[in-house]
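Nothing fancy with the numbering, it's 1 onward along the sequence.
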Amino acid sequence: MSDSAVEPVPPEEPESSADSAPIGPQTEQEAIQSQRIEFHEEYSGQLPHWRHLNEYERIYPGAAKIIFESFEKQGDHRREMEARLLTGSERRASVGQFLGTGLLLVAILGGIYLVIDKQAVAGISIFTLALATGVVSYVFGDRPKK
């Protein structure tokens with residue numbers, strides 16, 4: 001190393017505006033466009049984005065708590081409604097099975113009664129039709145509809 005100190009070279013100064021050509025509308029528009037920064041953000045969810053939640057809280061203290069409590073109440077309500085729907089659906093299915101079975105037994109017993117009452121053709125027809133309906137309903141009843 002030598003004893004002489006190296007002095008830093010100052011950066012070149014930009015040309016003064018007097019030396020440069022005037023900026024025209026097209027050049028000015030290009031300068032504005034080249035400095036534009038675009039920001040796009042997408043968010044999807046049940047609750048607001050945390051940045052939005054912070055802004056709500058800043059604007060209205062306690063807003064975040066209100067939003068979370070509302071979200072919780074909505075979830076509880078939705079689960080309650082789904083439970084009611086499921087319970088009602090199960091109840092309707094059970095009642096339908098009992099009524100269908102009762103109607104089938106009445107038809108079969110009615111057919112047997114008619115055979116005993118010496119109306120064999122009508123009795124056998126009703127008995128056969130009721131029995132066939134019950135068998136078909138049992139075999140094909142649980143298949144999903146297309």
Side-chain angles (χ1 to χ4, degrees), residues 6 8-146:
V6 178
V9 177
E12 293 183 26
E13 293 185 16
E15 297 179 17
S16 66
S17 60
D19 295 341
S20 64
I23 299 177
Q26 184 177 5
T27 311
E28 187 177 327
Q29 181 66 24
E30 289 175 0
I32 290 171
Q33 287 179 352
S34 66
Q35 293 177 6
R36 183 184 323 168
I37 297 174
E38 291 188 22
F39 180 75
H40 179 76
E41 181 178 47
E42 287 188 26
Y43 175 76
S44 175
Q46 300 294 324
L47 291 171
H49 191 276
W50 63 271
R51 288 186 193 125
H52 300 162
L53 214 69
N54 285 338
E55 286 298 311
Y56 292 148
E57 190 66 27
R58 184 182 62 77
I59 294 169
Y60 182 68
K65 182 179 180 184
I66 293 169
I67 290 170
F68 279 111
E69 287 174 351
S70 174
F71 177 72
E72 186 178 357
K73 286 178 187 176
Q74 174 63 26
D76 292 343
H77 175 71
R78 186 179 64 243
R79 284 185 286 277
E80 180 185 337
M81 295 305 291
E82 288 172 354
R84 277 189 192 177
L85 181 67
L86 186 60
T87 302
S89 180
E90 290 172 350
R91 187 176 299 136
R92 281 189 297 279
S94 296
V95 168
Q97 286 179 340
F98 286 126
L99 289 176
T101 302
L103 188 61
L104 182 64
L105 287 174
V106 166
I108 289 174
L109 292 175
I112 292 172
Y113 174 78
L114 288 174
V115 169
I116 293 172
D117 196 35
K118 307 228 190 297
Q119 297 178 15
V121 175
I124 291 173
S125 298
I126 290 174
F127 178 83
T128 305
L129 185 61
L131 193 62
T133 302
V135 169
V136 168
S137 175
Y138 180 77
V139 171
F140 296 108
D142 287 340
R143 293 197 178 172
K145 296 179 181 178
K146 292 182 180 178

Salt-bridge present (Arg58, Glu55; N to O < 4.0 Å): yes

Lys73/Asp76 ion pair, N-O < 4.0 Å: no

Closest heavy-atom pair and its distance - Lys65, Glu57: N-OE1, 4.4 Å

Reported CG-to-CG distance for the pair Leu104 and Leu109, which is rounded to 0.5 angstrom: 9.5 Å

From CG (Leu85) to CD (Glu90), nearest 0.5 Å: 10.0 Å

Distance-minimising heavy-atom pair for Val121 and Ser125: O-OG, 2.7 Å

Spacing of Thr133 atom OG1 and Ile108 atom CD1 [to the nearest 0.5 Å]: 9.0 Å

Arg84 CZ: over 12 foreign heavy atoms closer than 6.0 Å: no

Spacing of Ile67 atom CD1 and Gln46 atom CD [to the nearest 0.5 Å]: 13.5 Å

Atom pair CG/CZ of Leu114 and Phe127 - distance to nearest 0.5 Å: 12.0 Å

CG on Leu53 to CG on Leu47, rounded to 0.5 Å: 7.5 Å

